[in-house]
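One structure is given here, and the rest of the page talks about it.
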Amino acid sequence: MDQKKMPIRDALEELEANRVIPFDVPGHKRGKGSSNLREFLGKKCLSMDVNSMKPLDNLCHPVSVIKEAEELAAAAFGAAAAFLLVGGTTSAVQAMVFYAVKRGEKIILPRNVHRSVLNAIVLCGAIPVYIPCKTCEKLGIALGSSLEEVERAIKENPDAKAIFINNPTYYGICSDVAGIAELAHSHDMLLLADEAHGTHFYFADGLPRAAISSGGAGNVRSAHCARGADFSAVSMHKSGGSLTQSSFLLCGANVNASYMRQIINLTQTTSPSYILMSSLDISRSNLALRGKKIFAEVLELTEYARVEINKMGGYYAFSDEIVDGTSVYDFDKTKLAVNTLGTGLAGIEVYDILRDKYDIQIEFGDIGNILAYVSIGDNFKNIEMLISALAEVKRRFSRAELDIMKHEYLAPLVRIAPQDAFYAAKKSLPIEQCAGKICAEFVMCYPPGIPIVAPGEEITREIVDYIMYAKEKGCSLTGPEDMRVERINVLE
């Protein structure tokens with residue numbers, strides 16, 4: 001297919017050129033109804049904020065320009081089908097889960113998944129089966145899922161319907177997607193991949209395999225893995241350059257894409273943003289035509305920063321030297337993740353200092369690490385500013401290494417189904433009194449949005465200590481009904 005084509009953008013341009021008089025929604029009428037909005041966002045932007053109509057197609061039932069845009073996206077990513085989504089990758093993740101499992105059915109997954117996965121499990125009533133998650137003691141982060149761990153989970157739960165994996169994790173760690181695909185398909189299970197942080201895998205050389213293509217030439221073990229993952233949720237707005245909240249859901253050849261459309265439409269808005277959809281259209285074309293060059297430059301920037309940061313001492317910007325072929329099967333070298341504990345500073349402290357003292361906004365800081373997201377819009381000037389700021393932070397704020405809690409992963413003790421716990425009768429207790437209770441809501445640091453504890457799980461003393469420590473260090477805790485995160489809802 002001609003990847004230069006951008007059918008949604010072109011249809012919007014034609015609509016604007018025709019000067020169609022709007023007697024439909026949105027009510028601002030191409031910006032004429034709000035001068036403040038027009039001045040803030042610009043006339044061009046508001047002229048593209050339009051409603052579904054015959055020349056522009058309908059996202060819930062596409063037959064023309066949106067259908068063509070989805071076909072172009074599928075071809076660009078090497079998928080059998082692709083769906084444009086304007087509800088973020090959260091909506092893609094939830095659609096995958098809703099397709100794969102129903103109430104009472106099991107899904108195998110690592111614990112270090114995004115909250116959207118567990119939200120979907122709460123909504124559909126599925127039962128999570130967690131793969132034991134190894135951690136890197138030095139970095140304090142959860143690793144990937146080894147084939148041995150996945151195979152054990154399958155043998156212990158042969159009635160599971162699906163397996164869910166991250167490709168990569170927030171920190172850039174990848175599991176053996178092709179091997180896991182073979183295991184899943186040989187046991188008649190679907191493989192779902194969260195590639196929120198892996199858009200660039202489809203368009204770059206020298207990086208880990210993309211999930212949909214993981215069974216491609218050179219990596220085919222058997223007919224079972226030739227199809228790779230069955231679904232992939234791709235955050236085009238993260239490393240792909242589209243606007244925030246715009247994403248793709250990719251499908252493999254052995255799933256019913258028409259039924260998936262019905263699943264998506266259960267929660268998909270009937271008033272999708274054409275600004276978001278056109279950004280997907282334009283960004284897809286850009287990556288299809290220039291992706292290899294773009295991500296080669298991103299990789300060059302990240303590698304340069306990693307070398308310079310490691311020269312400083314104290315910091316550790318890790319890369320593929322942590323690959324072990326099992327729990328760290330591969331590593332995304334575009335991820336600039338830096339362990340800060342050698343400076344005596346928690347990651348969240350470095351995060352705050354960079355923002356408050358140097359006007360540098362990085363992606364996140366946790367207990368022991370920071371992540372600076374390097375992508376399509378970065379350049380050497382900004383990278384140099386980050387490197388210089390980190391050097392100054394070390395010089396001005398470092399201290400003797402403290403007794404810092406170093407682990408991110410806490411093994412869950414699932415006592416009842418997440419859906420049952422979430423909707424059960426509950427009471428609110430101070431966090432300090434919650435040890436031994438069954439949690440009825442989520443608690444997590446955001447970013448990255450990986451639950452510390454989820455509905456249906458026992459709140460251990462270790463979990464209480466971790467939450468209190470994260471609060472003390474200034475981590476952004478979210479999830480509980482209590483916005484101050486001083487109390488947690490537990491089962492009565």
Answer yes or no: are there more than 12 heavy-atom neighbours, outside [X] itself, under 6.0 Å from its atom [atom1]?
| X | atom1 | answer |
| --- | --- | --- |
| I21 | CD1 | no |
| Y373 | OH | yes |
| K106 | NZ | yes |
| M1 | CE | yes |

By side-chain contact (heavy atoms from CB on, under 4.5 Å), which residues pair with [X], not counting sequence neighbours?
| X | result |
| --- | --- |
| E384 | Y304, I387 |
| P22 | D24, K29, R30 |
| S278 | I8, L12 |
| N36 | S34, E39 |

Listed by chain and number, what are the side-chain hydrogen bond (donor to acceptor under 3.5 Å, both in side chains) partners of [X], not counting sequence neighbours?
| X | answer |
| --- | --- |
| D281 | R284 |
| Q94 | none |
| T90 | none |
| T326 | D324 |

If you round to the nearest 0.5 Å, how far is [atom2] of [Y] from [atom1] of [X]?
| X | Y | atom1 | atom2 | result |
| --- | --- | --- | --- | --- |
| I173 | D320 | CD1 | CG | 12.0 Å |
| S242 | L84 | OG | CG | 9.5 Å |
| L123 | R103 | CG | CZ | 12.0 Å |
| C124 | Y99 | SG | OH | 14.5 Å |
| I275 | S47 | CD1 | OG | 8.5 Å |
| E297 | F380 | CD | CZ | 9.0 Å |

Inset, instruction - Assert yes or no for the condition that the ring centre distance of F231 to F164 is strictly below 6.0 Å. - result: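 So the answer is no for these two rings.
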Legend entry - Pairs satisfying ring pair (Phe, Tyr, Trp, His ring centres under 6.0 Å), at least one member in residues 8-48, at least two apart: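 Of all non-adjacent pairs touching residues 8-48, none passes ring pair (Phe, Tyr, Trp, His ring centres under 6.0 Å).
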Inset, instruction - Keeping to residues at least two apart or across chains, list the ring pair (Phe, Tyr, Trp, His ring centres under 6.0 Å) pairs with something in residues 49-97. - result: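 Ring pair (Phe, Tyr, Trp, His ring centres under 6.0 Å) check on residues 49-97 returns F77-Y202, F77-F203, F77-F248.
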Inset, instruction - Using a strict cut-off of less than 4.0 Å between a Lys/Arg side-chain nitrogen and an Asp/Glu carboxylate oxygen, indicate whether R209 and D330 qualify as a salt bridge. - result: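 Here R209 does not pair with D330 in a salt bridge, since their nearest N and O are not under 4.0 Å apart.
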Inset, instruction - Could you tell me whether K333 and E300 make a salt bridge, using a distance below 4.0 angstrom between a side-chain N and a carboxylate O? - result: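 E300 and K333: not salt-bridged.
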If you take all heavy atoms of [X] and [Y], which pair is closest and at what distance?
| X | Y | value |
| --- | --- | --- |
| Y329 | V323 | O-CG1, 3.5 Å |
| Y130 | P412 | CD1-CG, 3.5 Å |
| S186 | L183 | OG-O, 2.9 Å |
| G240 | I376 | O-CD1, 4.0 Å |
| V86 | S273 | CG1-O, 4.1 Å |
| L192 | V97 | CD2-N, 3.9 Å |

Inset, instruction - Using the salt bridge (charged side-chain N to carboxylate O under 4.0 Å, His left out) rule, collect all pairs that involve residues 254-263, keeping only residues at least two apart or in two chains. - result: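 Qualifying pairs: E70-R261.
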Inset, instruction - Start with the C-alpha gap between T89 and S247, add the side-chain angles, then the distance that decides, and say whether side-chain hydrogen bond (donor to acceptor under 3.5 Å, both in side chains) holds. - result: CA-CA 6 Å; T89 307; S247 297; 2.7 Å; yes
Inset, instruction - Pick out which of H197, K335, E363 makes a side-chain hydrogen bond (donor to acceptor under 3.5 Å, both in side chains) with Y170. - result: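 Answer after filtering H197, K335, E363: E363.
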Inset, instruction - Over 60° means perpendicular and under 30° means parallel, so classify the ring planes of Y171 and F318, tilted if in between. - result: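 The arrangement is tilted - the two ring planes meet at 30° to 60°.
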Inset, instruction - State which residues pass salt bridge (Lys or Arg N to Asp or Glu O under 4.0 Å) with K238; sequence neighbours excluded, sorted by chain then number. - result: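 Once residues adjacent in sequence are excluded, K238 has no partner under the salt bridge (Lys or Arg N to Asp or Glu O under 4.0 Å) criterion.
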